[in-house]
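Below is one structure, written out as structure tokens; the observations come after it.
Reminder, nothing fancy here: chain letters follow the sequence lines and each chain counts from 1.
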Amino acid sequence: MQFTAKEVSLLLNGTIEGNPDAIVFKLAKIEEANEGSLSFLANPKYESHLYTTQASVVIINKDLELTQPVKATVIRVNDAYSSFSVLLEKYNTLKLNKVGIEEPSFIHPDAVVGKDVFIGAFTYIGANAKVGDGAKIYPHSFLGDNVEVGASTTLFSGVKVYHDCIIGNNVIIHSNAVIGSDGFGFAPQADGSYHKISQIGNVVIEDWVEVGANTCIDRATMGSTIIRKGVKLDNLIQIAHNAEIGSNTVIASQTGVSGSTKIGENCIVGGQVGIVGHITLAKGTQIQAKSGINKSIEEENRKWGGAPATTYQNYMRSQVIIQRLPEMEKKIEDLQRMLKELQDNSINK
Amino acid sequence: MQFTAKEVSLLLNGTIEGNPDAIVFKLAKIEEANEGSLSFLANPKYESHLYTTQASVVIINKDLELTQPVKATVIRVNDAYSSFSVLLEKYNTLKLNKVGIEEPSFIHPDAVVGKDVFIGAFTYIGANAKVGDGAKIYPHSFLGDNVEVGASTTLFSGVKVYHDCIIGNNVIIHSNAVIGSDGFGFAPQADGSYHKISQIGNVVIEDWVEVGANTCIDRATMGSTIIRKGVKLDNLIQIAHNAEIGSNTVIASQTGVSGSTKIGENCIVGGQVGIVGHITLAKGTQIQAKSGINKSIEEENRKWGGAPATTYQNYMRSQVIIQRLPEMEKKIEDLQRMLKELQDNSINK
Amino acid sequence: MQFTAKEVSLLLNGTIEGNPDAIVFKLAKIEEANEGSLSFLANPKYESHLYTTQASVVIINKDLELTQPVKATVIRVNDAYSSFSVLLEKYNTLKLNKVGIEEPSFIHPDAVVGKDVFIGAFTYIGANAKVGDGAKIYPHSFLGDNVEVGASTTLFSGVKVYHDCIIGNNVIIHSNAVIGSDGFGFAPQADGSYHKISQIGNVVIEDWVEVGANTCIDRATMGSTIIRKGVKLDNLIQIAHNAEIGSNTVIASQTGVSGSTKIGENCIVGGQVGIVGHITLAKGTQIQAKSGINKSIEEENRKWGGAPATTYQNYMRSQVIIQRLPEMEKKIEDLQRMLKELQDNSINK
């Protein structure tokens, strides 16, 4: 794929300064660009790069005043950053625009596959499964019996979706994520062994969700584990059985959410956080990375940190004091000694 | 699959009140049930649901006295909860009752496959591998050369078992778990690089073990990494080379056990715990979520918490005090000031 | 594979005591060995095992003086430990010496595959992908379009490499690791939802790197996420977009490195560590397991611990004091009481 500066400018509704026929065939950071690169400059702090870049074309803000000559062709737009984002997206859409059914693949005769889909080789689509129009199912993905995958959803290579789970439209699930594995439920027996509690529920993932690589979302014991619309989950996250993650909540890598816990909408949870089971976090809650949350949070839109967690302010204060503990201990010893002297004096008097 | 109230009652050795021909075809929580649902009521606290539920049939305890009319057909049994568990299990057994060998699959001519197995499409069974009677190997599973999988064991889609590993009977391994990857062993060299130490041992998983999705169990450098009978491992757990997990021990998600550590039987380890290498935990040890265990625990049946860990009581006490640190620091400052005044007074006298 | 004591001795340039025709066909620890085992004794502390072992052949240090009769054939070498390591390596190389292309596999007509490779069944090699000479690609691996895998590199079963990623020579990647999944980047919108920022960069893994099972390395937003030569990553690690890990750095299991962070060369990072984004760690930095690193480390070759981290000495001191907090609080109360008494006395005088 290659484009002229003129074609890019038309797409972005920009104005050209320099050679409109300059050719670009890749996107690059302005400081790493070379011939054939299309770059952008949004932050005026990095203006100097504009005068030294090897990029063929650079997108800049309409109102930027140039102070030196620029070798590259320049395209002026209202907002260089968002214009470049649009290009990134178009580039990626073209790049990942696979269509067709590769062989060998396994599509059960009772499965229903929509139009314009991509089904990679070695994909397994079970009985009564449904794949929506425009979905892309990469190689080695597994859809168990009765699974539904919505329109325009992408499952990258190696995603496993157990039977009965439902995935919405415009969802992206990254490689080797597991959806619908059994919840971790066992009944202790008198002899110290455990008896497995059958997990017959499912997982429901609503529209516009993104699930990271190697993330696990367990099926409910009964009912559904639910990931609401617009949730973004990073890699290596654990979502246990019967949990519910509210709309537009974002969770960073390696965090674990225990069974039956409900996280409100628009929350932001850092990486490596642990959240116990059977609690509720109010909407807009923000959790510092590595925290441990062991009770419900009822007040909305607050920040928390620590393990066990406290308000972010308390957490930060305690952290600072922990660093001062050796000094504090020294002060106490001094106080003990001085008080002893005073007491002795007092007695001696 | 659909059943009448009468059929269910016979199975559970119960007694019917209401229409014995009421038909059910799914299991649901009493408060979420609708027509065709079979539900249960075990906890008298939720008795009110019984009078409003849309379930067609509800299982209740023999001695429950009804205080209002019930629309659903009622089946009385000795213990509603355990009767319902029996049904869940039967339901799941029927649901997952796959048998047969799907194509394409790769079964090495020197592999031995038992009777009544399910081998999903795209499964790989290496040279001299053995699959026991009634085992279910879902699509995209990999059994390396010489791997043994016992009778009635289930490997869900994408499980990878490296060469020479041994898996017992009635084991369940969830999707994308990895059994037998190399232990993390490297010899530092004079130039700062590392030389890999070959890992020629294996992993042995005994009967009735369950391994969660994306969990990793590394092979031993020599000898075996051993998961004893009845152990339950949740998702995303790391078990390092030469570790041994004792019988009926349960470990929650995202915990890591380092090399050569031995955990006793009947232990309960919370989520996101880290356990260093070359230590031993006594049987019956319980570890609080997110703890760090850096030395052996010799006393049996005790609870530990914190990082580094201390007894659970100490841990809880310290956690409370950490929250009070700002207050403690204030008290010390007050003491310093007051003592200063006393000293000044004393001198002035 | 079986060998005589004489053959082993020749290979190691050793000298034999006992039967040179003794046959061995497996390697074992001296205390677990039985007939047909080849073992070694390096640490004189365990000398007693030499007189009781059932091994057929034992490798010992040249200068070890025997104090009792030894049943096994003995091979004396300069350094028993390193000689045995050599054998482990030869054993493993023979064991894993697979060559050939198994069917069914999917190799795009525009892919280029080198000589003497192993391509397991159900492997997917995309358009314009390149596989170097002697590479071993186990079943269910996925190489997206334009991926390059260097010579003598091994990808175990289920490794997923997204399009455009570059993997060097002599690299080992364990099962179900994911290379090149999208970085976690989203632009918040006015309505509380998030807009995905397309991730068009790639991952570059240099020579002699080892990547553990289920580890995830995200592609860069633009440019490359880079794993430098000789890096060793354990299982279940998260490396976020645009991070860079310096040469010969070793990272233990379940650690997470956030976006754009650069770790210097020859660092050692423990397990379950979290490192925030956009920081730099100096070369030779060592991080205690479970630590949280939230700012750059500029001084080279130092040890750090805690969350948030401090120098290792401070960390250890604070940890000890945290255990003494209840005692400290008691002392403060005592001081308050005694001071009160003194004040009262002082006033009463």
Fill in the blank from the handout: So CG of A/Asn242 and NZ of B/Lys29: to nearest 0.5 Å the spacing works out to 5.0 Å
Handout entry: Side chain / backbone / both / neither for A/Ile197 at chain B, heavy atoms under 4.5 Å
Key = side chain
Handout entry: A/Ile332 side chain reached by B/Leu335 side chain, heavy atoms, under 4.5 Å
Key = no
Completion exercise
So, the part of A/Val159 with a heavy atom under 4.5 Å from chain B: the answer is neither
Practice task
State, yes or no, whether a side-chain contact exists between B/Glu32 and A/Met222 at a heavy-atom distance under 4.5 Å.
Solution key: no
Handout entry: Side chain / backbone / both / neither for B/Ala289 at chain A, heavy atoms under 4.5 Å
Key = neither
Exercise for the section: Just do the side-chain contact (heavy atoms from CB on, under 4.5 Å) check on B/Glu89 and A/His195 with the steps written out, would you? Expected result: CA-CA 11 Å; B/Glu89 217 166 311; A/His195 187 77; 2.8 Å; yes
Problem - Any donor-acceptor pair under 3.5 Å from B/Gln254 side chain to A/Thr255 backbone - result: yes
Problem - Within-4.5 Å side-chain heavy-atom neighbours: A/Gln238 and B/Asp234 - result: yes
Problem - Other residues, nucleotides, ligands: >12 heavy atoms within 6.0 Å of B/Lys26 NZ - result: yes
Handout entry: Nearest-0.5 Å distance that lies between atom NE2 in A/His140 and atom OG in B/Ser157
Key = 10.5 Å
Handout entry: Heavy-atom contact with chain A under 4.5 Å, split by part of B/Lys90
Key = neither
Handout entry: Heavy-atom contact with chain B under 4.5 Å, split by part of A/Ser291
Key = backbone
Problem - B/Lys290, part contacting chain A, at a heavy-atom distance under 4.5 Å - result: side chain
Fill in the blank from the handout: Note: vs chain B, highest number of non-hydrogen pairs under 4.5 angstrom among A/Ile237, A/Thr215, A/Asp145, A/Asp182 is A/Asp182
Problem - Residue part contacting chain B, namely of A/Ala187, when any heavy atom lies under 4.5 Å - result: neither
Completion exercise
In terms of heavy-atom contacts, A/Ala307 and B/Tyr315 come closest through O-OH, 4.4 Å
Exercise for the section: Pick one of side chain, backbone, both or neither for A/Glu341, based on which atoms fall under 4.5 Å of a heavy atom in chain B. Expected result: neither
Practice task
May I ask you to check whether over 12 heavy atoms, not counting those of B/Tyr81, lie within 6.0 Å of atom OH?
Solution key: no
Exercise for the section: Could you look at B/Leu96 and say if it's the side chain, the backbone, both or neither that has a heavy atom under 4.5 Å from chain A? Expected result: side chain
Exercise for the section: Would you tell me whether B/Glu102 and A/Tyr124 have side-chain atoms, one donor and one acceptor, within less than 3.5 Å of each other? Expected result: yes
Handout entry: chain A contact via B/Gln272 - which portion, at a heavy-atom distance below 4.5 Å
Key = side chain
Exercise for the section: Please flag which part of B/Ser85 lies under 4.5 Å from any non-hydrogen atom of chain A: side chain, backbone, both or neither. Expected result: neither
Problem - Under 4.5 Å from a heavy atom of chain B, the part of A/Asp164 involved - result: side chain
Practice task
Determine the option with the most heavy-atom pairs under 4.5 angstrom with chain A, choosing from B/Val231, B/Thr93, B/Leu233.
Solution key: B/Leu233
Exercise for the section: Answer yes or no: is there a side-chain heavy-atom contact under 4.5 Å between B/Glu210 and A/Phe186? Expected result: yes
Problem - Beyond-backbone contact of A/Asn146 with B/Lys95, side-chain heavy atoms, under 4.5 angstrom - result: yes
Problem - Between A/Gly158, A/Cys216, A/Ser181, the one whose heavy-atom pairs under 4.5 Å with chain B are most numerous - result: A/Cys216
Exercise for the section: Give a yes or no on whether B/Lys229 atom NZ has more than 12 heavy-atom contacts from other residues, nucleotides or ligands under 6.0 Å away. Expected result: no
Practice task
Report the relative orientation of the aromatic rings in A/Tyr162 and B/Phe156; use parallel for angles under 30°, tilted for 30 to 60°, perpendicular for over 60°.
Solution key: tilted
Fill in the blank from the handout: What one should report as the nearest heavy-atom pair of A/Tyr194 and B/Asn248 is CE1-O, 3.4 Å
Practice task
Determine whether B/Lys232 and A/Phe184 make a side-chain contact, defined as any pair of heavy atoms from C-beta on separated by less than 4.5 Å.
Solution key: yes
Problem - Which portion of B/Ile321 sits near chain A, non-hydrogen atoms under 4.5 angstrom - result: neither
Problem - Pairs of heavy atoms under 4.5 Å with chain B: top-ranked of A/Gly183, A/Ser198, A/Gly180 - result: A/Ser198
Exercise for the section: Measure A/Asn176 against the heavy atoms of chain B and call it side chain, backbone, both or neither at under 4.5 Å. Expected result: both
Completion exercise
When rounded to the nearest 0.5 Å, the distance separating CG of A/Asn214 from CG of B/Asn235 is 11.0 Å
Completion exercise
Counting heavy-atom pairs under 4.5 angstrom with chain A, the leader among B/Gly230, B/Pro104, B/Ala213 is B/Ala213
Problem - Chi angles and distances behind the side-chain contact (heavy atoms from CB on, under 4.5 Å) call for B/Leu325, A/Met328 - result: CA-CA 10 Å; B/Leu325 277 177; A/Met328 254 172 87; 4.3 Å; yes
Completion exercise
From the list A/Thr221, A/Thr123, A/Asp191, the residue making the most non-hydrogen contacts under 4.5 Å with chain B is A/Thr123
